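Report on the structure given below.
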Amino acid sequence: MAAELVSSHAEAVDVVVIGAGPAGMSAATRAARAGLKTVLIDEQDAAGGQIYRGIGRADARRKEILGPDYAAGGAIAQAFAASGARHLTGATVWQVTRERGINYLKDGRIGSFDAQRVILASGAMERPFPIPGWTLPGVLTAGAAQILLKSAGEVPAAPPILAGCGPLLYLLGWQYIRAGVPIRALVDTTRHEDRWRAKRHMLSALRAWPYLSKGLQLMRTLREAGVPMFEAADDLRVESRTGADGVEHASALGFTTQGAAHRIEADVILLHQGVVPNTQFTQALRATHRWDNAQLCFTPKTDAWGELDVPGIFVAGDGAGIGGAQAAALQGALAGVAVAAQLGAIDTRKRDLEAMALRRDLAGALRIRPFLDSLYRPRDVNRIPKNETIVCRCEEVTAGELRKFVELGCVGPNQAKSFGRCGMGPCQGRMCGLTVTEVIADARRVSPAEVGYYRIRPPIKPLTLGELAGE
Amino acid sequence: MTSSTPTLFKPLPGADGASIDIFFNDRALTVQGGRSVAAALLAAGVSRFRATPVSGAPRAPYCMMGACFECLVEIDGVPSRQSCMVEVKAGMRIRSQEGARDLPPSIGTDTADASLENAHGR
């Protein structure tokens with residue numbers, strides 16, 4: 001219904017790319033270089049996505065703190081800027097139709113495109129980390145803290161605790177040390193048995209040695225800086241205090257290691273246990289999704305070029321399954337050449353020649369993944385929380401309430417909405433979707449695939465009726 | 001404990017951004033520009049951006065990338081703005097978002113059939 005409201009004003013273009021991270025920038029660059037009329041739409045006011053956020057504005061000092069992998073995004077952004085693709089900044093896409101109509105909101109006004117091909121590059125978001133107290137002011141994701149560093153040069157005012165697992169957590173710690181920011185503690189949930197499980201993938205990891213040695217160097221920097229480090233942390237819980245102004249906020253992290261109880265005070269507690277694909281668009285498109293048991297998330301089904309089972313719509317980068325920034329840029333280029341060939345801008349011989357080189361590099365970039373997925377597989381207890389823990393932050397629904405819904409006959413996430421408003425707040429299930437799926441699957445003793453995911457509907461970002469009516 | 005609520009984030013020494021004046025809940029604040037409203041408020045010592053409609057619990061930015069909607073505030077009279085997605089400008093009048101709003105993010109939050117109910121229509 002909403003689509004028809006605005007479709008008469010839709011601007012016809014060859015390619016619309018959504019998301020200005022490495023995948024989106026590379027896809028738009030390749031399509032535009034083939035001579036296609038290409039628009040890249042992104043919510044931010046500058047290209048880079050989350051991984052290269054603020055890359056155009058960062059001075060030498062900030063680039064030095066953030067490290068060479070961040071600085072590498074500059075070349076991708078420059079190539080994009082020179083490609084001839086149009087960059088629509090500060091625009092939020094709230095609907096993509098199966099007929100490739102795109103509706104977006106910019107400066108309070110609605111605009112539309114009618115595209116021959118669409119490339120979705122909306123990337124990843126951090127996996128929910130539902131522990132007691134994770135809703136308190138002062139608890140942020142490690143990614144959020146990194147965005148504050150990249151985009152605003154801001155760091156915690158007092159030494160923070162970094163808790164959880166995964167490369168981003170250690171990278172942020174390394175960046176803080178370089179910025180001269182003391183860290184109260186690194187509380188790692190990774191266990192030794194995880195390390196053994198990961199050893200099965202050691203051979204493939206060895207072939208990705210440059211990546212692995214970088215990771216070891218991060219950890220060494222933290223150790224040498226004297227950051228207190230805890231391993232195999234369990235029973236994480238954020239404690240709170242109420243200030244003189246009446247605001248309750250985080251004040252300490254409690255946890256256990258091998259049965260020993262710990263409690264460390266900090267005002268800022270940064271959580272992270274990996275990233276998962278942002279599937280809002282592909283879910284809303286009713287594309288087929290599969291449960292990935294290695295990455296513990298839903299991923300859209302695509303062909304070798306990234307095309308969904310919705311013709312003409314592609315997905316590139318972490319939105320198709322977590323592969324990291326390097327892989328994302330290559331997948332973006334692959335989708336770009338595929339689209340260029342489909343629209344007749346290049347011939348299939350040229351496409352296949354380019355694809356061969358891209359796929360070879362992609363295989364290299366993805367070599368480390370099985371090892372990382374295994375080593376940093378978030379533990380069950382940190383994904384399927386105990387009863388007291390809030391699962392749906394918006395509507396404050398706990399895991400215990402969710403389990404009660406199941407007892408009463410709730411079989412999946414969509415019914416959980418009507419049982420108790422779970423997933424119906426403004427975040428539209430982004431913060432609880434995977435947790436709800438896994439809690440229900442666990443309670444019903446069936447697979448997450450059988451339980452499925454929230455049925456996502458447009459507008460995938462909240463919109464006021466006034467905006468919709470074009471007031 | 002009666003110590004006041006701590007400032008959560010601060011700019012690195014020498015960080016760029018000219019000082020600008022804004023208002024938060026009618027209190028004048030001097031913040032650095034060239035950043036999101038959320039980043040500016042965090043560095044200005046704000047740690048309660050909104051209260052939940054359900055229990056009134058305090059909330060503050062969690063994801064900083066437009067996904068969690070914990071940083072919702074009212075900006076220049078418009079409620080339910082994602083403060084992590086809006087650049088701070090001189091003279092902005094920002095208010096914490098207290099519970100449910102009259103003009104909520106409305107139609108993206110329904111269950112079955114896109115009913116146009118208030119997101120927190122209780």
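Predicted model only: the values in this text are computed from it and were never measured. Letters go in sequence order (proteins before strands), and every chain restarts at 1.
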Select one option (side chain, backbone, both, neither) describing which atoms of A:Arg53 are under 4.5 Å from chain B's heavy atoms.
-> side chain
Side chain proximity check, B:Arg95 to B:Asp26, heavy atoms < 4.5 angstrom | yes
Is the backbone of B:Ala40 close enough, under 3.5 Å, to the side chain of B:Gln32 for a donor and an acceptor to pair up by distance?
-> no
Aromatic rings A:Trp134 and B:Tyr62: how do their planes relate, parallel, tilted or perpendicular, breaks at 30° and 60°?
-> perpendicular
With only heavy atoms counted, which part of A:Glu126 is less than 4.5 Å from chain B, the side chain, the backbone, both or neither?
-> neither
Is a donor on one side and an acceptor on the other found under 3.5 Å between the side chain of B:Arg93 and the backbone of B:Gly77?
-> no
Could you look at A:Ile460 and say if it's the side chain, the backbone, both or neither that has a heavy atom under 4.5 Å from chain B?
-> neither
Please flag which part of A:Asn278 lies under 4.5 Å from any non-hydrogen atom of chain B: side chain, backbone, both or neither.
-> neither
Any side-chain heavy-atom pair from B:Leu29 and B:Leu41 closer than 4.5 angstrom?
-> yes
Hey, which of A:Ala157, A:Ala142, A:Gly143, A:Ala144 has the most heavy atom pairs under 4.5 Å with chain B?
-> A:Ala157
Assert top hit (heavy-atom pairs under 4.5 Å, partner chain A, pool B:Lys10, B:Met64, B:Met65, B:Glu87) equals B:Lys10
Which of B:Gly34, B:Ala57, B:Ala67, B:Ala60 touches chain A most, by non-hydrogen pairs under 4.5 Å | B:Ala67
Which region of A:Thr135, side chain (C-beta onward) or backbone (N, CA, C, O), has a non-hydrogen atom less than 4.5 Å from a non-hydrogen atom of chain B, or is it both or neither?
-> both
State whether the side chain of B:Arg81 and the backbone N or O of B:Ile75 hold a donor-acceptor pair below 3.5 Å, judged by distance alone.
-> no
Of the backbone (N, CA, C, O) and the side chain (C-beta and beyond), which part of A:Met125 lies under 4.5 Å from a heavy atom of chain B, both, or neither?
-> both
Test side chain to side chain donor-acceptor pair (under 3.5 Å) applied to A:Ser122 and A:Gln280, step by step | CA-CA 9 Å; A:Ser122 53; A:Gln280 298 292 116; over 6 Å; no
Look at B:Gln82, B:Arg48, B:Glu70 and state which one has the largest set of heavy-atom pairs under 4.5 Å with chain A.
-> B:Glu70
Heavy-atom contact with chain B under 4.5 Å, split by part of A:Leu149 = side chain
Could you look at B:Ala51 and say if it's the side chain, the backbone, both or neither that has a heavy atom under 4.5 Å from chain A?
-> neither
Heavy-atom pairs under 4.5 Å with chain B are the metric here; pick the option from A:Val268, A:Val247, A:Ile456 that has the most.
-> A:Val247
Do A:Val397 and A:Val436 have side-chain heavy atoms sitting under 4.5 Å apart?
-> no
Determine yes or no for a side-chain-to-main-chain donor-acceptor pair under 3.5 angstrom, with B:Ser47 supplying the side chain and A:Pro137 the backbone.
-> no
With a 4.5 angstrom heavy-atom cut-off, could you sort out which part of B:Met85 is near chain A: side chain, backbone, both or neither?
-> side chain
For A:Arg393, is it the side chain, the backbone, both, or neither that has a heavy atom closer than 4.5 Å to a heavy atom of chain B?
-> both
Looking at A:Asp267 and A:Arg184, does any basic side-chain N land under 4.0 Å from a carboxylate oxygen?
-> no
Mind ranking B:Ser55, B:Ala43, B:Gly66 by heavy-atom pairs under 4.5 Å with chain A and telling me who comes out on top?
-> B:Ser55
